[in-house]
Number of protein chains: 2
Amino acid sequence: MKLSLRGEYALRALVVLGLNYGEEVLPIQVISERQNIPKRFLEQILNDLKTLGIVESKRGVSGGYRLRLPPEEVTLAAVIRHLEGPLAPVGCVSEKFYTPCTCPDESKCGIRSIMKEVREAIVKILEQVTVAQLCDRVKHLQGTNQAVSDYII
Amino acid sequence: MKLSLRGEYALRALVVLGLNYGEEVLPIQVISERQNIPKRFLEQILNDLKTLGIVESKRGVSGGYRLRLPPEEVTLAAVIRHLEGPLAPVGCVSEKFYTPCTCPDESKCGIRSIMKEVREAIVKILEQVTVAQLCDRVKHLQGTNQAVSDYII
DNA sequence: ACTTAACTTGATAAACTCTATCGAGTTTTG
DNA sequence: CAAAACTCGATAGAGTTTATCAAGTTAAGT
């Protein structure tokens, strides 16, 4: 599982939306500036997340985007799978995007058996972590640093 | 960590060489046929593994390749890192191939903190599994299937 | 109604990576 | 000295990634 910029931007945008959950809609402009993401590209990505049903938008003057689901219900696995495809390191061990490989016999392939373990390890984390938890981490990390700054002053 | 064909071929070739460890050198032709790998491409890959010091070659009429190190000493992590680059899902959590990301503050980035965990999970497996273990799995898988076939007959 | 900020959709283009293939050369064995 | 095999560097075609643009649609506020 290699996360491209596209996927990374998506997660970063979702954190912003997650932290804003329950409030009014956020314009793309704001998300873009807050996370340093090219606006046009972000537009495309948010659109994609809308198709997936994670995000919803409001048009017009004070329009923008917001989460459609509670942050607790959005797993990183779902987002990444939709945007990037398989989480597995090779196609022949993917559950959702299986593709056969060219080895003589998959059932006797030692590499496949190891890669299955790698896949499990990755999936176990990403299927369990939600946007809500991401937001919590951010809050915690910010809190920590804030405190440190306070001490320094 | 996404394994490209290049990396997959490398591992498959190493299994063949591992199973042959202690014996004479194996010609590319044989490895290529046994694992269904385009010969010219394999050539390039084995060369690369030679540079890394994992494999050695013998030229001439009855030449070929063999492992230079005992299979127990070759970890998948080393091979993949050399051929494919970072194991980490994003550059900003890679130990060996760190690259900064564009987020406003890495130290407060929730995604980074999750991706670190993913990286750890991957590395833990791949740094610990060796070519020798891959070969053992293959032997075991073949043995199992053999037995099953016997029962069927 | 009309202006304006913002979303929507689809096209496209530059850069890069991946997968392979080729050719010409060098080495070694028998 | 011929044959088999490795060596090295170039390169090409396909596909992916990362954007950017233009033209259109929507809806809020006046």
Side-chain angles (χ1 to χ4, degrees), chain A residues 1-13 17 24-33 35-52 54-68 80 82-86 89-91 97 99 101-103, chain B residues 1-13 17 24-33 35-52 54-66 68 80 82-86 89-91 97 99 101-102:
Chain A
M1 198 269 311
K2 169 73 173 17
L3 205 59
S4 69
L5 264 188
R6 181 187 193 72
E8 195 187 313
Y9 287 162
L11 295 182
R12 271 155 61 184
L17 295 179
E24 253 322 285
V25 118
L26 275 183
I28 279 200
Q29 186 71 28
V30 172
I31 308 175
S32 159
E33 281 167 7
Q35 283 289 336
N36 231 334
I37 303 173
K39 194 184 152 197
R40 296 288 213 158
F41 197 19
L42 180 58
E43 203 169 287
Q44 197 180 107
I45 294 165
L46 286 174
N47 234 306
D48 217 348
L49 291 175
K50 209 173 111 174
T51 306
L52 181 57
I54 288 176
V55 143
E56 65 187 0
S57 65
K58 188 186 166 195
R59 299 177 136 195
V61 170
S62 43
Y65 286 91
R66 99 179 103 200
L67 283 184
R68 197 176 76 89
I80 296 175
H82 181 77
L83 259 59
E84 310 259 350
V90 289
F97 299 86
T99 51
C101 82
T102 63
C103 78
Chain B
M1 198 271 312
K2 169 71 172 15
L3 204 59
S4 70
L5 264 188
R6 181 186 194 74
E8 196 188 312
Y9 288 162
L11 295 181
R12 271 154 61 183
L17 294 179
E24 254 321 287
V25 118
L26 276 182
I28 279 201
Q29 187 70 28
V30 173
I31 308 175
S32 158
E33 281 166 7
Q35 282 290 336
N36 232 334
I37 303 173
K39 195 183 150 200
R40 294 289 214 160
F41 197 21
L42 179 58
E43 204 169 287
Q44 195 180 109
I45 294 166
L46 286 174
N47 234 306
D48 215 349
L49 291 176
K50 210 174 109 175
T51 306
L52 182 57
I54 287 177
V55 144
E56 64 189 1
S57 65
K58 189 187 165 195
R59 298 176 136 196
V61 171
S62 43
Y65 285 90
R66 101 179 101 201
R68 198 175 76 89
I80 296 175
H82 182 77
L83 259 59
E84 309 258 352
V90 290
F97 300 86
T99 51
C101 83
T102 62

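Just the heavy atoms: all of them, side chains too, but no hydrogens, waters or symmetry mates, feed the values below. So you know, we letter chains A, B, ... as the sequences are listed, proteins then strands, and number each from 1.
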### Message
Side chain of A:Leu5 only, heavy atoms from C-beta on: which candidate in D:dA19, C:dT21, D:dA22 is closest?
### Response
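The listed nucleotide nearest to A:Leu5's side chain is D:dA19.
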Whole-Å distance separating the [atom1] atom of [X] from the [atom2] atom of [N]:
X	N	atom1	atom2	value
A:Glu56	C:dA6	CD	C1'	16 Å
B:Lys2	C:dT17	NZ	C1'	11 Å
B:Glu24	C:dT29	CD	C1'	13 Å
A:Leu83	D:dA19	CG	P	14 Å

#### Entry: Results of salt bridge (Lys or Arg N to Asp or Glu O under 4.0 Å) for B:Arg6 - residues two or more places apart only
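Salt bridge (Lys or Arg N to Asp or Glu O under 4.0 Å) list for B:Arg6, sorted by chain: B:Asp48.
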### Task
Please list, chain by chain and in numerical order, all residues satisfying salt bridge (Lys or Arg N to Asp or Glu O under 4.0 Å) with B:Lys39, sequence neighbours excluded.
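Not a single residue meets the salt bridge (Lys or Arg N to Asp or Glu O under 4.0 Å) criterion with B:Lys39.
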### Query
Which residues pass the side-chain contact (heavy atoms from CB on, under 4.5 Å) test with B:Pro86, sequence neighbours left out?
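Expected list: B:Ser94, B:Phe97.
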### Task
Before giving the answer on side chain to side chain contact (heavy atoms under 4.5 Å, CB included), spell out for B:Leu3 and B:Leu11 the whole-Å C-alpha distance, their side-chain angles and the decisive distance to 0.1 Å.
CA-CA 10 Å; B:Leu3 204 59; B:Leu11 295 181; 4.0 Å; yes
### B:Gly64 backbone acceptor or donor facing B:Ser57 side chain under 3.5 Å
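Not a single qualifying donor-acceptor pair exists.
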#### Entry: Backbone of B:Ile28 reached by a side-chain donor or acceptor of B:Glu43 within 3.5 Å
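Not a single qualifying donor-acceptor pair exists.
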Protein-nucleic acid N or O pairs under 3.5 Å, nucleotides 10-15 of chain D:
none

Under 3.5 Å between N/O atoms: give me all the protein pairs with nucleotides 1-6 of chain D, atom names plus distance.
{"residue": "D:dA5", "atom": "O4'", "partner": "B:Gly60", "partner atom": "O", "Å": "3.2"}
{"residue": "D:dC6", "atom": "OP1", "partner": "B:Ile28", "partner atom": "N", "Å": "3.1"}

### Query
Can you name the residues that form a ring-ring contact (aromatic ring centres under 6.0 Å, His included) with B:Phe41, not counting sequence neighbours?
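Checked B:Phe41 against ring-ring contact (aromatic ring centres under 6.0 Å, His included); matches are B:Tyr9.
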